[in-house]
Structures are given as C-alpha cells and as structure tokens.
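Report on the structure given below.
Predicted, not measured: the structure shown is a model, and the values here were computed from it. In listed order, ligands and their atoms are each counted from 1.
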Amino acid sequence: MKRTTFLSFAAAMFSLMSLAAQAQAIQPSGGARKIYNTVKTKLSQGKTLNGAFVSVPDPNVYCAMANAGFDFTWIEMQHSPLTYGDVAKMLFACRGSSAMPFIRVPDATESEVQKATDIGALGLIFPTVDTAEKTREAVKWAKYPPFGRRSIGAGQFRQLWGSDYRQTANDNIMVIIMIETATGVENVEQIAAVPGVDMIFIGPSDLASFSGTQAGDPKFEAMVKKVHDATMKAGLKLGSITPFKGRPDFTFFVGGDEASLIKAGAKALLEAK
Ligand code: 3PY
Ligand code: MG
C-alpha cells in the first residue's frame with residue numbers, strides 16, 4: 001500500500017473508531033462507561049451512603065463539609081438563599097473533594113437544571129414531584145441528547161470532570177426524585193418507571209405536612225410502603241433522611257448541616273477530658 005493511501009486509510013479508521021467511541025459514550029445504556037461519580041459506584045456495590053445539607057455560601061466551609069467523610073453533599077437550593085454563583089465558587093474551590101456535589105434544585109425547569117449541571121453538580125435532587133410528566137422534565141434537562149435536551153454551552157464542568165465531559169456526563173449525573181406529597185405517592189409507580197431516574201427519595205417532613213399524617217401513623221406508613229414497593233419494582237435506589245436508617249432497602253441518607261455539625265463538634269471538644 002502506498003504511504004499516502006495507508007495514511008488516509010489510517011485516518012479514516014481513526015475517525016470511525018472515535019465516532020463509534022463517542023456514540024457509545026453518549027448511549028444511555030450499554031457499552032463501556034467511565035464512572036467518576038463515586039456515589040453511583042458505591043450504590044451499585046450495595047453500600048449505604050451518607051450526606052449532609054450545605055447552605056452556607058463559603059468555599060472554606062464547603063471544603064470542610066466535602067472532605068469530612070460524607071459520600072455526597074446535599075447543596076440546598078430549594079430552602080436556602082444560595083445562588084448558583086456562590087455554589088460555582090464552592091465547587092471550584094473544592095474540586096477533587098471526596099464527597100460528590102449533589103444539588104437540590106428548586107424545580108425541574110431548564111433554567112435551574114442547566115445552571116446546576118453547568119457548575120458541575122453530579123447529582124440533581126428534585127423536590128415535591130407529583131407526576132411522571134414532571135419526572136420526564138427532570139430527566140430531559142439533566143441529560144444531553146440523544147437521551148435528553150440539555151444544551152452544551154460552557155461551564156466549569158470540564159475543569160471539574162474532564163475534557164470528555166460531553167461523552168461521560170449522562171452516565172454520571174444522577175436524577176433523584178423526591179416523593180413528598182400524597183399525590184406523588186399515588187403516582188409513584190409511573191414516576192419510578194420514567195427512564196433515566198436513578199433514585200426515589202422520600203421527604204418525610206413534607207409528606208407529613210402535605211398529608212396531615214406522620215411517621216408511625218398507619219396512613220403514613222402505608223404511603224412509605226407504596227413508595228418502597230414501587231421503587232424496588234423499578235429497580236431504583238431508595239433514600240431519605242437519617243431517621244429512616246434501618247428501614248429495609250433505604251441506602252442513601254442525608255442529615256446534619258454546617259450549623260448542627262459545628263455544635264456537635266464543639267460539644268465533643270468541650271466534653272473531651
Ligand atoms: C422533607 O422531609 O420534606 C425533605 O425535604 C427532606 O430533605
Ligand atoms: Mg421537603
């Protein structure tokens with residue numbers, strides 16, 4: 001084979017191979033995947049995970065939380081005045097932390113999810129989801145095409161997660177749907193069946209508030225059981241707040257925040273002999 005022919009042949013083969021690799025990497029299912037979201041890996045190994053709420057807009061405090069031993073941080077943007085600008089600085093300052101950055105966004109809209117993913121969140125937590133339609137919106141904005149409708153844009157995601165982020169993001173970003181209302185419980189089977197959902201998370205405080213019942217009441221417990229059964233049937237992971245530890249099949253827990261952990265740390269220090 002002449003040298004020029006060989007070189008064009010090699011170049012064509014290389015383009016074909018890299019196209020195939022790209023196509024494989026953006027497939028929502030099947031094929032080899034690069035997983036850097038350690039929450040995903042640990043959950044697939046059957047481990048129980050812990051995270052804590054973050055609502056203080058300070059990179060140093062964030063780094064302390066993100067390297068304290070938690071598996072993930074639950075960056076609270078539903079119930080705190082944190083801005084995406086605050087959180088972008090926190091995530092950048094603490095890139096490489098042992099805890100994966102998860103953000104509870106206020107709603108499953110393009111504008112919220114776009115900003116949360118662009119600044120580098122690897123987990124998106126959607127509160128008070130009532131319907132499969134809302135769940136499909138959550139997945140749609142969380143995932144790049146062809147699976148979803150996330151726009152490419154620019155962001156610090158590549159600096160955090162690598163230059164191949166476009167090919168790896170869909171496999172690493174987790175979608176967590178919170179069931180917090182009786183309507184959500186009613187529709188949980190359809191919600192859990194939406195492709196792209198990784199986990200169902202029960203929010204007991206809101207579930208109690210919206211339903212007028214509380215943990216221990218038969219009506220409340222029946223709702224928890226319905227959510228549990230639908231989640232298991234769909235093959236998804238199940239999470240809630242730390243007081244739910246010990247309930248069967250719950251493997252993802254959030255509890256504590258900066259203020260409570262400072263208090264607990266100070267108490268332990270002062271009581272130490
Ligand atoms: C709830 O219990 O309502 C929650 O949102 C838990 O974070
Ligand atoms: Mg809630």
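Close approach to Phe53 involves these atoms of ligand 1, each under 4.0 Å from a residue heavy atom: 7 (O). Heavy-atom proximity to Ile241, at under 4.0 Å, picks out these atoms of ligand 1: 6 (C). Heavy-atom contacts of Asp206 reach the following atoms of ligand 1: 1 (C), 2 (O), 3 (O) (cutoff under 4.0 Å). Ligand 1 places these atoms under 4.0 Å from at least one heavy atom of Pro204: 1 (C), 2 (O). If you number the atoms of ligand 1 from 1 as listed, the ones under 4.0 Å from a heavy atom of Gly203 come out as 1 (C), 2 (O), 3 (O), 4 (C).
Using the six-membered ring where Trp is involved, Phe250 and Phe244 have ring planes that are perpendicular, over 60° apart on the 30 and 60° scheme.
Note: Phe201 and Phe126 fail the aromatic proximity criterion, with ring centroids not under 6.0 Å apart. Proximity of the aromatic rings of Trp74 and Phe102 is defined here by a centroid distance below 6.0 angstrom, and this criterion is not met.
At a heavy-atom cutoff of 4.0 Å, ligand 1 is contacted by no atom of Phe244, backbone or side chain.
The Mg ion (ligand 2) is closest to atom OD2 of Asp206 (considering only N, O or S atoms).
Within the 4.0 Å heavy-atom shell around ligand 1 one finds Arg104.
With hydrogens and angles left out, the side-chain atoms of Ser260 and Asp257 include a donor and acceptor closer than 3.5 Å.
Inclusion of Gln78 in the set of residues having an N or O under 3.5 Å from an N or O of ligand 1 is not warranted. Not one N or O of Leu207 is nearer than 3.5 Å to an N or O of ligand 1, by distance alone.
For Glu221, the CD atom counts as densely surrounded, since its 6.0 Å shell holds more than 12 non-hydrogen atoms of other residues, nucleotides or ligands.
Note: Asn170 CG to Tyr165 OH = 8.5 Å, rounded to the nearest 0.5 Å. Atom-to-atom distance recorded for Asp118:CG and Arg158:CZ is 9.5 Å, nearest 0.5 angstrom. Considering CZ of Arg104 and CD1 of Ile176, their distance stands at 11.0 Å, rounded to 0.5 Å.
For atom 4 (C) of ligand 1, the nearest non-hydrogen atom of the protein is Glu180 OE1, 3.4 Å. Counting only heavy atoms of the protein, atom 2 (O) of ligand 1 lies nearest to Ser205 N, 2.8 Å.
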